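Okay, structure first, notes after.
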There are 2 protein chains.
Amino acid sequence: MNLSLTQIKTQFQELGIKSTIPRVVIYQSLAKAMHHPSAEEIHLSIQKKYPGVSLATVYKTLDMLVQKSLASKVVTDEDKVRYDSKMEPHIHLYCEKTQKIMDYDDQELAELIAGHFTKKGITNFKINRIQVNIKGESKTIKNK
Amino acid sequence: MNLSLTQIKTQFQELGIKSTIPRVVIYQSLAKAMHHPSAEEIHLSIQKKYPGVSLATVYKTLDMLVQKSLASKVVTDEDKVRYDSKMEPHIHLYCEKTQKIMDYDDQELAELIAGHFTKKGITNFKINRIQVNIKGESKTIKNK
DNA sequence: TTAAAATTGATAAATATTATCTATTTATTG
DNA sequence: CAATAAATAGATAATATTTATCAATTTTAA
Ligand SMILES: [Mn+2]
Ligand SMILES: [Mn+2]
Ligand SMILES: [Zn+2]
Ligand SMILES: [Zn+2]
């Protein structure tokens, strides 16, 4: 999602988030990224245009965005958290060869699962969110 | 799962794993644990009976068990990997209040999802494993 | 413009995990 | 059972990621 600086400032204001250059730039970079970047990767991505922004600020801003529900954490087998600005429920495909994460939307499956738990809930547990993660291998088309 | 030392030794032999006291004890502790322990927790749990075993050995052994498919990693929002010796596919319930992980078996749901992807596969992706994680709150019965 | 409050960046500290390396242990052979 | 080669363990250093600290700067509102 390519968001303009003014779009982001407006969004921040609505949520009571104080607008600062680091915050806006970090959120813009995350929103544009399609690859579920880590804090380090976001820090690198803004280095050229905004060399002053520190890694600590990137971490603090990402935490804040998660708190405000503008982003979510994506954990993987690597010892490193990645972030996602796509907040609509969706499935993650983890490629075990490349470690890449792809988004996958499947409304039909979402409804299938939701329906299942509507009928047959879980005893003594209040469901807030159901995440489906699929591990496997992405087939690159251009081979052979 | 409560496994005896001889049971474990036999299992190791079958898989070509060299039997050592640390390895057997670490695997036994993991297999007995119901709470998806971290390396640190496993290290603590064996301290009394086997004070010599180092944390490095716990990490190395857990990696080996994952490699040999006797255990799997469980990642969470905490910056710490947890381990699971239950290798049959199952669902994890994450309590957002207590950070506890519970196992939940739902054969019906597993078949529902499997059936869905049999009919309607994912383009350019080979599915190896489907994990369903449910986040929410465990309702303790004894309140009120 | 001023001032209070929040945020930043520099840096130190904390955590979790991995690497290194020698001593010990294991499994195998005679 | 003793000897041996190979693998593993434990001690500890190093690495990687994330969090905490705190003075200086910036933001927002008055
Ligand atoms: Mn996900
Ligand atoms: Mn870490
Ligand atoms: Zn995503
Ligand atoms: Zn489990």
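Every chain is numbered from 1 and lettered A, B, ... according to where its sequence line falls, protein lines coming before strand lines. Keep in mind that what you see is a predicted model, and the values were worked out from it rather than measured.
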Exercise. Using links of under 4.5 Å between side-chain heavy atoms of ILVMFWY residues, direct or through other members, which residues join B:Ile101 in one cluster?
Worked result: B:Val74, B:Tyr94

Whole angstroms only, please: what is the [atom1]-[atom2] distance between [X] and [N]?
| X | N | atom1 | atom2 | value |
| --- | --- | --- | --- | --- |
| A:Ile21 | D:dT27 | CD1 | P | 6 Å |
| A:Ile17 | D:dT27 | CD1 | P | 16 Å |
| A:His43 | C:dT11 | NE2 | P | 13 Å |
| B:Glu78 | C:dT15 | CD | P | 14 Å |
| A:Leu62 | D:dT19 | CG | C1' | 14 Å |
| B:Ile46 | D:dA9 | CD1 | C1' | 12 Å |

Exercise. Reckon A:Tyr59 has a side-chain N or O less than 4.0 Å from the OP1 or OP2 of D:dT19?
Worked result: no

Options [options], nucleotide nearest the side-chain atoms of [X]:
| X | options | result |
| --- | --- | --- |
| A:Asp63 | C:dT7, C:dG9, D:dT19 | D:dT19 |
| A:Arg23 | D:dT27, C:dT17, C:dT7 | C:dT7 |
| B:Lys80 | C:dT7, D:dT27, C:dA16 | C:dA16 |
| A:Ala56 | C:dA6, C:dA27, C:dT11 | C:dT11 |
| B:Ser54 | C:dT8, D:dA11, C:dT17 | D:dA11 |
| B:Thr20 | C:dT17, D:dA11, C:dT26 | C:dT26 |

For this session: Would you please name every residue forming a ring-ring contact (aromatic ring centres under 6.0 Å, His included) with A:His43, sequence neighbours left out?
Result: none

Problem set entry | Inter-residue atom distance A:Gln47.CD - A:Leu55.CG, 0.5 Å rounding | 9.0 Å

Exercise. Of B:Lys18 and B:Val53, whose closest DNA chain D nucleotide lies nearer the 5' terminus?
Worked result: B:Lys18

Problem set entry | Comparing B:Ser38 and A:Thr57 on DNA chain C - which has the more 5′ nearest nucleotide | A:Thr57

Problem set entry | Any donor-acceptor N or O pair under 3.5 Å, side chains A:Lys126, A:Asn128 | yes

For this session: Would you please indicate if the ring centroids of A:Phe12 and A:Tyr27 are separated by under 6.0 Å?
Result: yes

